[in-house]
Every structure is written in C-alpha cells, then in structure tokens.
Amino acid sequence: MSDTEKQNRDPLERQLQILELLVSYPQGRSFTDIRNDLSLPKASTSRLLKTLASAGCVQLEKNASSSSSAFYVLGERIRGMLRGIMDPDQTVTVAHAILHELAKEANETAFLSVLRGDKVENLVMASPAKDAHGYVNPGRVVPAHAAAAAKAIFAYQVEAVWNRVLRQPLAALTDKTITDPQKVREEYVRVRDKGIAYCREEIDSGLMAIAAPVHLKEIGVIYAVSIVGPSSRIRNLEAEPLDAMLKKAATQLSAAFERVILSA
C-alpha cells in the first residue's frame, strides 16, 4: 500500500472504529469517552466526529436529565441500515410464542409494537381465551403522547425525534390525555428511569396499558411489548409482578430478535 493510500485509509478506519464503538454503547458516549476509548488526539476526534455527523452517521444529543452533558449516538442513517436487517415476517414469528406466554401469565391481551419512521405501529397481538376479541388492532398507528407502547419506545429516542413528534398539536383523546409537550417529555424521562410506561385511560376511557421497551444492542429501542385490558382489572393487579412479567418478556424478545439479526 502506498503512503497516499495509507493516508486516505486511516481516517476511514478511525471513522469505522467510532461507529463500532457507538454500536456497543446504544445510549451514547461523550467526546472525552470516544477520545480516550480509541486513544485519539483531541483535534482528530473532533474532525472525525464532525465528518460523521455531516453525513448523518452520528449525532450529538443532550442528556435529557442534565443540561450540562452531551453524548454521541449513532445517526439515523446508520440506524436505518441496521433496522433494515430485521425481517418483519421473522419478527412476528418469533414474537408469537413470547406474547402468548405473557398473555397467559398476565391473563390480559399482550402485543408488540414497532417504530416505523417517526410513528409507532401495533404489529402483532395475543389474547387470553376470555378476551378472544382482543383490544388491539395490528397495523394501527398509536399516538406518541398517549400510548404506553409509544412512550416506551420514544423515551429511548434522541431529542431530535422528540422535537419532531411533539411539535404537532397533541390531541386530547380523553380527559386524561397529556397534551402539553413539556409534560410528555417529562413522562419520557420517567419511563427511561423506570423502564416501564403507562397509558392510564389516555386513549380510550376504561382501558389501561402497560409497556416495556425491547432493547437491541445494535439498534437501540424500536420495539415495545405491552399488555392492555379494562382499567377495573388492570388496577387490581399488583404492580411489581406485572412490571416483572413485562420486563421478562422484553428480555426474551430482545434475545430472540438479536438471533434474527445475527442470522441475517
């Protein structure tokens, strides 16, 4: 390899190292972390990140719970490529058994939702025998400010996504719907802290839903698993066991989806 070829290759190699690092840290790394992790000079780190950011491969995000810290995450261009690996048919197939087990354990309808662009869509559901009709329509787009599944997914998106989905007027679907964008942001932060999201009759009076995010190492959170049922029944269930059921199902789905990615 000539000196010129080596000089041209080195920046690309370093950019790829940064992307590989961020794949391992879906929640992001600070400028200092990236510099130290890869033993790069400060000026080189700045130049490489600027180039990657201009191409949409990385983006700088402020910490939602701190005004003084910021971190780099994979950009939408790279995330879009990674999402493209997921086969929708395989996703539904591997999710079925886990959802049916959750529906049986909780004795309520369980369902999986997915992020498509800036919208969250219900993908597939499983209902216990007593609710054969279910409460969820697969294919339905659910509101970012009200649905438990949407909150569970958007809570883990970057702030630029929050800005887009919350800048439009937020419809008051019931008298319990949160329509103030700032309060929805605060709700997202709470969801991220707890790992569980709620819809307390915010879409349909008399119905409640609880959701957990499905974390994928290479992609982040684009799926959520939920249960839904009449408020009178959900309120009578113990919160901790119910949260544990959802988190267990989310972990199982994560492992199953990771296998789909690895087999692609």
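Side-chain contact check for Glu201 and Thr174: no donor-acceptor pair (N or O, by modelled atom type) lies under 3.5 Å.
In this structure the side chain of Leu48 reaches within 4.5 angstrom of the side chain of Arg14, judged on heavy atoms.
Annotation for Tyr188 and Ala144: closest pair OH-O, 2.8 Å, computed over non-hydrogen atoms. A pairwise comparison of heavy atoms in Ser113 and Ala149 identifies OG-CB, 3.4 Å as the closest pair. Between Leu166 and Arg185, the shortest heavy-atom contact is CD1-CG, 3.7 Å. For Gly195 against Pro213, the heavy-atom pair with the smallest separation is O-CD, 3.2 Å.
Evaluation of the ring pair (Phe, Tyr, Trp, His ring centres under 6.0 Å) rule for Tyr156 yields His215 as partners, not counting sequence neighbours.
Hydrophobic clustering (side-chain heavy atoms under 4.5 Å, transitive across Ile, Leu, Val, Met, Phe, Trp, Tyr) groups Val221 together with Leu22. Placement of Leu246 and Met208 within a single hydrophobic cluster is found when ILVMFWY residues are connected by side-chain heavy-atom separations under 4.5 Å, directly or transitively. Cluster membership for Met125 and Ile203, using ILVMFWY side-chain heavy atoms within less than 4.5 angstrom, is not shared.
Remark: Glu240 CD is loosely packed, at most 12 non-hydrogen atoms of other residues, nucleotides or ligands lying under 6.0 Å away. Counting non-hydrogen atoms of other residues, nucleotides and ligands closer than 6.0 Å to CZ of Arg77 gives a total of 12 or fewer.
Summarising the geometry, atom CD belonging to Gln17 is positioned 11.0 Å from atom CG belonging to Asp37; distances are rounded to the nearest 0.5 Å. With values rounded to the nearest 0.5 angstrom, Thr45 atom OG1 is found 9.5 Å from Tyr72 atom OH. Atom OH of Tyr25 and atom CD1 of Ile34 lie 11.0 Å apart (nearest 0.5 Å). Rounded to the nearest 0.5 Å, atoms CG (Leu40) and OG (Ser46) are 11.5 Å apart. One finds the CD atom of Gln59 at 11.0 Å from the CD1 atom of Ile78 (value rounded to the nearest 0.5 Å).
Looking at Lys248 and Glu101, no side-chain N of the basic residue comes within less than 4.0 Å of a carboxylate O on the acidic one, giving no salt bridge.
With hydrogens and angles ignored, the 3.5 Å screen pairs a side-chain donor or acceptor of Asn236 with a backbone N or O of Ser232.
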